[in-house]
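Working notes for the structure below.
The first residue of the sequence shown is numbered 1, and numbering continues consecutively from there. Note that this is a predicted model, so its numbers are computed, not measured.
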Amino acid sequence: QVQLVESGGGLVQAGGSLRLSCAPSGWLFNINTMAWYRQAPGKQRELVASITRGGTTNYTDSVKGRFTISRDNAKNTVYLQMNSLKPEDTAIYYCTADVRRYSLSAWTNYWGQGTQVTVSS
């Protein structure tokens, strides 16, 4: 079974920075697109940023210029560097990945358990 393990969340003051990391545990064959979503209290879950295996990135408008998504394919790890954090960035951040467990397997989307990011004003 593949599990995505997130780390790096915490409490930070407005204007500060945090770096989230996410990597799968367990053996797998390949990972395609990886992404970060977030869900604030009382709000729907939203896509924050995504990155393909080839490095093509996509960001939601509210984080453009402040957040950077990157990945290390050799480590199957995705990162989210969050700068100039605002109180409205407070949410649980979830990592997702499209994984092929074996060479002939179908692609399966996995989610992490989430990591809390709290930005104080």
Side-chain angles (χ1 to χ4, degrees):
Q1 182 71 10
V2 174
Q3 292 185 326
L4 298 181
V5 181
E6 301 125 330
S7 62
L11 173 64
V12 65
Q13 288 188 330
S17 298
L18 283 174
R19 189 192 195 206
L20 306 183
S21 300
C22 172
S25 64
W27 190 91
L28 55 87
F29 180 73
N30 202 355
I31 299 180
N32 196 353
T33 298
M34 304 183 81
W36 291 95
Y37 283 74
R38 67 185 179 186
Q39 187 166 21
K43 295 188 177 181
Q44 289 188 329
R45 191 171 295 186
E46 66 169 346
L47 175 65
V48 176
S50 65
I51 184 168
T52 67
R53 185 170 182 82
T56 300
T57 58
N58 179 54
Y59 297 91
T60 191
D61 286 345
S62 62
V63 308
K64 286 180 180 177
R66 300 188 298 123
F67 291 10
T68 302
I69 190 170
S70 61
R71 64 190 287 172
D72 183 334
N73 289 332
K75 297 180 179 179
N76 289 328
T77 301
V78 63
Y79 306 96
L80 186 67
Q81 178 67 43
M82 304 185 293
N83 298 328
S84 303
L85 282 160
K86 305 176 181 180
E88 51 264 42
D89 295 317
T90 295
I92 299 175
Y93 284 70
Y94 299 90
C95 168
T96 79
D98 294 330
V99 173
R100 180 176 283 179
R101 292 196 66 193
Y102 307 101
S103 62
L104 297 180
S105 299
W107 291 98
T108 302
N109 183 245
Y110 288 90
W111 287 73
Q113 291 296 309
T115 185
Q116 177 71 48
V117 171
T118 303
V119 184
S120 63
S121 58

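In this structure, OG1 on Thr108 lies 8.5 Å from CZ on Arg101, to the nearest 0.5 angstrom. The line from CD1 of Ile51 to CG of Asn73 is 8.0 Å long, rounded to the nearest 0.5 Å. Rounded to the nearest 0.5 Å, atoms CD (Gln113) and CG (Leu4) are 9.5 Å apart. Taking CG from Leu28 and CZ from Arg100, the interatomic distance works out to 12.0 Å, rounded to the nearest 0.5 Å. Rounding to the nearest 0.5 Å places CG of Asn109 at 11.0 Å from CG of Asn32.
Residues Ile92 and Leu80 fall into different hydrophobic clusters, defined by Ile, Leu, Val, Met, Phe, Trp and Tyr side chains chained together at heavy-atom separations under 4.5 Å. Residues Val63 and Tyr79 do not share a hydrophobic cluster, clusters being chains of Ile/Leu/Val/Met/Phe/Trp/Tyr side chains in contact below 4.5 Å.
Put simply, the side chain of Pro24 does not reach to within 4.5 Å of the side chain of Val99, judged on heavy atoms. Side-chain contact check for Phe67 versus Leu85: some heavy-atom pair is nearer than 4.5 Å. Contact annotation: the side chain of Trp107 approaches that of Asn30 to within less than 4.5 Å [non-hydrogen atoms, C-beta and beyond]. The shortest distance between side-chain heavy atoms of Arg66 and Met82 does not fall below 4.5 Å. For the pair Asn58/Leu47, a side-chain contact is recorded, criterion being any heavy-atom separation below 4.5 Å from C-beta on. At least one side-chain heavy atom of Tyr94 sits under 4.5 Å from a side-chain heavy atom of Arg45. Contact annotation: the side chain of Gln116 approaches that of Thr90 to within less than 4.5 Å [non-hydrogen atoms, C-beta and beyond].
Under the 30°/60° scheme for interplanar angles, the aromatic rings of Tyr37 and Trp111 are found to be tilted.
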Let me see the working for Val78 and Ile31 under side chain to side chain contact (heavy atoms under 4.5 Å, CB included), right down to the final yes or no.
CA-CA 11 Å; Val78 63; Ile31 299 180; over 6 Å; no

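Among all heavy-atom pairs drawn from Trp36 and Ser21, the shortest one is CH2-O, 3.6 Å. Listed here is the closest heavy atom pair of Pro87 and Ser121: CG-CB, 3.8 Å. For the pair Thr77 and Ala23, the tightest heavy-atom approach, listed with the atom from each and the gap, is OG1-CB, 3.5 Å. Contact between Ser17 and Asn83 at its shortest, heavy atoms only, is OG-OD1, 2.9 Å. Shown here for Ile69 and Ala35, the closest heavy-atom pair between the two residues is CD1-CA, 4.3 Å.
Looking only at distances, no side-chain donor or acceptor of Gln3 sits under 3.5 Å from a matching main-chain atom of Gly26. In terms of modelled atom types and a separation under 3.5 Å, the side chain of Glu6 and the main chain of Gly114 share a donor-acceptor contact. Between the side chain of Arg71 and the main chain of Gly55, no donor-acceptor pair closer than 3.5 Å is present.
The existence of a salt bridge linking Lys86 and Asp89 is excluded, since no basic side-chain nitrogen approaches an acidic carboxylate oxygen closer than 4.0 Å.
Applying the disulfide (SG to SG under 2.5 Å) definition to pairs two or more places apart or across chains, those involving residues 15-121 are Cys22-Cys95.
Applying the 6.0 Å contact sphere to NZ of Lys64 captures more than 12 heavy atoms from other residues, nucleotides or ligands.
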